[in-house]
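Inspection log for the structure reproduced underneath, given as structure tokens.
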Amino acid sequence: MSPHNFEFHLPLSPEELLKSRGVNQYVVQEVLPIKHLPTQLRAFQSAFRAQGPLAILDHFDTIYSIIHHFRSIEPGLKEDTLEFLMKVVSCHSQELSSILDDAALSGSDRSAHLNALKMNCYALIRLLESFENMTSQTGLIDLDIGGKGKKARAKTALGFVWEEERQPVLELLTQLLQLDIRHLWSHSVIEEEFVSLVTGCCYRLLENPTISHQKNRSTKEAIAHLLGVALVRYNHMLSATVKIIQMLQHFEHLPSVLVAAVTLWATDYGMKSIVGEIVREIGQKCPQEMSRDTAGAKGFAAFLTELAERIPAALMSSMCMLLDHLDGENYMMRNAVLAAMAEMILQVLNGDQLEESARETRDQFLDILQAHGHDVNSFVRSRVLQLFTRIVQQKALPLTRFQAVVALAVGRLADKSVLVCKNAIQLLASFLANNPFSCKLSDTDLAGPLQKEIQKLQEMRAQRRTAAASAALDSEEEWEAMLPELKSTVQQLLKLPQEEAEQQIADGETAEEVKGRIHQLLARASYKQAILLTREATSRFQESEPFSHTEPEEKDFLNLLGVIFKGPEASTHESPRHTDPGLTGSKDSPSVPEPEGSQRDDELLKQEMLVQYLQDAYSFSQKITEAIGVISKMMYENTTTVVQEVIEFFVMVFQFGVPQALFGVRRMLPLIWSKELGVREAVLNAYRQLYLSPKGDSARATAQALIQNLSLLLVDASVGTIQCLEEILCEFVQKDEIKPAVIQLLWERATEKVPCSPLERCSSVMLLGMMARGKPEIVGSNLDTLVKVGLDEKFPQDYRLAQQVCLAIANISDRRKPSLGERHPPFRLPQEHKLFERLQEMVTKGFAHPDPFWIPFKEVAVTLTYQLAEGPDVICSQMLQGCAKQALEKLEKNTTEGDSKETAPKLPTFLLMNLLSLAGDVALQQLVHLEQAVSGELGRRRVLREEQEHRTKVPKEKTTSSETTMEEELGLVGATADDTEAELVRSICEKELLDGTQVLAAFVPLLLKVCNNPGAYSNPELSAAASLALGKFCMISAPFCDSQLRLLFTMLEKSSLPTVRSNLMVATGDLAIRFPNLVDPWTPHLYARLRDPAQQVRRTAGLVMTHLILKDMVKVKGQVSEMAVLLIDPVPQIAALAKNFFNELSHKGNAIYNLLPDIISRLSDPEGGVGEEPFHTIMKQLLSYITKDKQTESLVEKLCQRFRTARTERQYRDLAYCVSQLPLTERGLHKMLDNFDCFGDKLIDESVFSAFLSIVGKLRRGAKPEGKAVIDEFEQKLRACHTRGMDGIEELETGQGGSQRALSAKKPSAGVRVSRQQPLTSVDSDNDFVTPKPRRTKPRRPQTQQRKSQRKAKVVFSSDESSEDELSAEMTEEETPKKTTPIRRASAQRHRS
């Protein structure tokens, strides 16, 4: 077919080229077989060399055949074809550039070049798409195979790396389209199919997910340039807009790619209008449709967000089209629009030189952002806070908005979403870092200057008002004073003819200037000159005020002079009605010149600005202070990232000098024990920033600042705070982050080489001791120096310093029990060491002096002795004997001095207290020494001995029995030896330590006498010391503990001193761990302290019971309801403690689920429960732990059955409330329907009915269509029973065909049915602790059992039953202390027999 008599039509599919559809339309004559393709390609190449690019007209079938067989031909042929086609198109492009400008081009040549152009482009693009499809399939296979060698596999499949060849092809097409090829078409209108062919190829390339990879960056840029040329030269905008919208909806990898392309078109190609077209299309999308098409919304949102970051100015004019999406349901679109607004504020609407319209637009955007800070979706609220954080960081937020946005951030701290809270903290931190007010934001420091400047401003305003008023008053008085003389002068001068006076008004002088001269002459009392000048002015300026219409009469003349002299002041006097006082002044008055008034105005304006600045700074500081209180409560959240943000916030707040920040810095200390490494590291970094990098001119100045900062933390610090700080310093020392200069300076302060106060010296020793935990040699190498410094022989002794010295020395050895694998003996000092000599001397000498710091000192002294000394029991026995000897000498002295016949000898209270306290400390430390040091040393020596025997033993044949071999394999030999050592230590404790021959035994009678006679020994400090010592003695021996438990619990129950009760709570808790079987019968009395009237006791009891219950050391029964009551304790710390307890308990299997029925019974009991509102608060918290469906269903059934045994309306309401708080499912609803007759008759009560109706509402929200019928049936039954009682149910069942009657008929046969008249079994009260006589429970038990057998079955819970051990734990009269102080009885209604 001749090239002049056919026309090549671009097909929609390759098959169309095989069929003829019109006259002169090109048709592929034959699809060549694969074997002929190489030959035909060579023929085409020869023809190209001869004819040029028009050779395609005769050889198109060859290229078509190659594309048709593309998957089957050799890779080499594919590569050759692509290379050759690119050469053809390139040559044609060069040829066209010269031909297109030729006006003499014939029609046949134009048609030939047009056909060649379309054929070349079609062939090249189809070949490109074939390569792309094969590469995509290879990539999918590689995804399945994985591993290395993907690039090699791709090269094997195609013969080369296709990703490297795409860019040249696209650049070639771009070069071709940049030519003015439209002249090849008739009427110079390029056909749409050709443009679609080229651009369609680009869009198909973009659909490949790998196009977004960094390695394909050059390809993306080439595609963008190719499409850019199509947009500019070939009217492709409408098609491009539609295609971009479609691709954003379906390909999640494309937003960033398309944003880069649109940015290129808008900037390099000047096609900004396409931004508006795309945004218009997105804006016209229905918001409801967006809520369904989440994938499309996600694509649009990502596109808008990134486009706003790239070209916000181009997007801003189209923002009005997107506002509808702010009210749509899809939160991603709302986020995108808000992010776009924020970018415009940052990049376009930023600065002080904005025009009025731009400022209004910025304010509108900020209003929208603030409004969406309260969006219903947490992701939107979080995004708004993030955007405000960026705006604040880049200082783009106007000062007028500071207070509102800070208030928004503080409000969001209470948000339910953790993400929102985290971003609110970040925003507040950004406000702090970028605040325009001050580097120190202490509201107390700002309040003083603010009040001072406000007072100064008020004084300046008052002065201005006074000056204005006095100016007007003074001018009037002056006029009255000058009037008589002025009148006489006027009378004399008016008689003279005007011609005789000299001319005084110069040519060109205005009336205003003359008026000013007259005013000055009058003020200087030059009346004659003033009158003459005035008379001349009246004739010269007859048309100007005030000289017009003035008659040459005396009265009119004087009026004119008065107007000139008083006029300006009178206007000033009237000015307060219109302007601020003093803002207008006399222009002509010489007493108040204009520059002076202007200067005064400037000063007032500056003062007002200063006051406003201080007011803003003070308000900002108050908001930050308010935020600190909220954020500090978030420090112990479960989310690690939130905790890290809180820690960083407090670091920043502390650096800005906010006084309350120190509270947060201290509160984060316990987080050093966190199991989360991120939290622990955050705490370390915080203290590293705050304390390890202080500012200083030299190393010594830096060390001084560091020590001063750490010392401030120790002021009024609790024991827990000190332990946490010790752990942090230990970490720093181990990592060598504490410089030697710091340790050197601490030693200089401790040894008084540099002047310092006693408190600073004490804190230096404390810090040295903390660091010694990380590196014991810090103290160990200077042990003698420390002993000399802190334990010197001066008097009076500084026991506080001595205590810290002991604690520091204790850190040079490991306090833990030595392991069996230790080869070396533990570190011990000989008994003769100077340390123990000084300790013994200080304890015995200080014993006889009432120093409040002696008791804590002797405690650490005894502990240190047992920790480091060889034979510590000998040293401590000498201490005890020395102190006891002094006490006896004092007693004998008092006996000699007093009259022994009339009064018994008395010992000073503090001596007895010191003696008992010392005895208790020695007893406890002796026990610890035996169980840890002695037991550990016995085990260590046994292991060494066994190893020695094993090495020296001659190898023999195995003659051991199979039983011995089995014991060795199971490790029973070592376990038996451990038991033997433990038994040895136990026998020493029980049989020897408190034996009559031992030192400790001598103090037991005295101790018991003091504890048994609180009336005779009523001193509070003595009672506390004695009770604590008794608890320590009881820890030693089980027999002794058993014999004194009744006394301990009597004191715990009846002592009038909260300190004693609190101490004994701790002691009994320790005894419960050491001797659980002995303390178990007394458990109810431990629970009873949870309702103690003293908050100190309740807090201690809560801590002890939490420890015991979570460690499984006490039986958890219904009495745990006392812990539940602490959830509503008025003291926040106690309520938080109880909440933490239940949080931990919820992790122990089904513990809370098992306890809930008993807790509900006890708390709703009208005799011993709690109020209705507190009950709701408690149960809402406890029921939130029930999350499993099976637990919920079982609990629903139990609670429904409880309605039968409930006795009061209050109990009905409580049970209904509990059911309503459960997360019910459809199966739970069936359980309620099955048990409907249990609570149906109670629905008459409005509260019960409302509770069950709320259940219906919850069920409807998540109900499936098939389950709604059951919910409707349940609601109908509820309403029927509420209005007509149980009769309403029968009517309803009759109306429904009796479907429920069969269910009701089964109820009487159920084994759990309970008589409605039968009361709920009352639970034995644990609060009524009566000493004189046990309750008369045992004799009545047979009757109770008989009565039970006659009645119907009822629901009884395990915790409602009292055990024999519990009953035997009640005190009899013979075992009660004889002398007691007046106490509050638990129940006045109990009577004695």
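Scope of the values below: all heavy atoms of this structure, side chains included, with no hydrogens, waters or symmetry mates. Throughout, residue positions are numbered sequentially from 1 according to the sequence presented. Remember, predicted model here, so these are calculated numbers, not experimental data.
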Would you mind listing every ring pair (Phe, Tyr, Trp, His ring centres under 6.0 Å) that reaches into residues 285-309, with sequence neighbours excluded?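 Non-adjacent pairs meeting ring pair (Phe, Tyr, Trp, His ring centres under 6.0 Å): zero.
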
Report, as yes or no, whether the 6.0 Å neighbourhood of atom [atom1] on [X] holds more than 12 heavy atoms from other residues, nucleotides or ligands.
X: Q51; atom1: CD; result: yes
X: E252; atom1: CD; result: no
X: E74; atom1: CD; result: no
X: R217; atom1: CZ; result: no

Without hydrogens or angle criteria, can the side chains of [X] and [Y] be said to hold a donor-acceptor pair below 3.5 Å?
X: Q386; Y: R383; result: yes
X: S256; Y: E306; result: no
X: S46; Y: R49; result: yes

Mutual orientation of the aromatic rings belonging to F8 and Y26 [parallel < 30°, tilted 30-60°, perpendicular > 60°]: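 The arrangement is tilted - the two ring planes meet at 30° to 60°.
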
How are the rings of F251 and H253 set to each other: parallel, tilted or perpendicular (split at 30° and 60°)?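 Aromatic pair F251/H253 classed perpendicular.
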
What distance do F379 atom CZ and R334 atom CZ have between them, rounded to the nearest 0.5 Å?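 Output value for this atom pair is 12.0 Å.
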
Taking K118 first and then E193, would you say they form a salt bridge - that is, a charged N and a carboxylate O separated by under 4.0 Å?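 No salt bridge links K118 with E193.
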
For F70 together with F131, are the ring centres under 6.0 Å from each other?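 So the answer is yes for these two rings.
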
Could you check if a side-chain atom of V257 sits within less than 4.5 angstrom of a side-chain atom of I223, using non-hydrogen atoms only?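 Side chain of V257 against side chain of I223, heavy atoms only: no contact under 4.5 Å found.
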
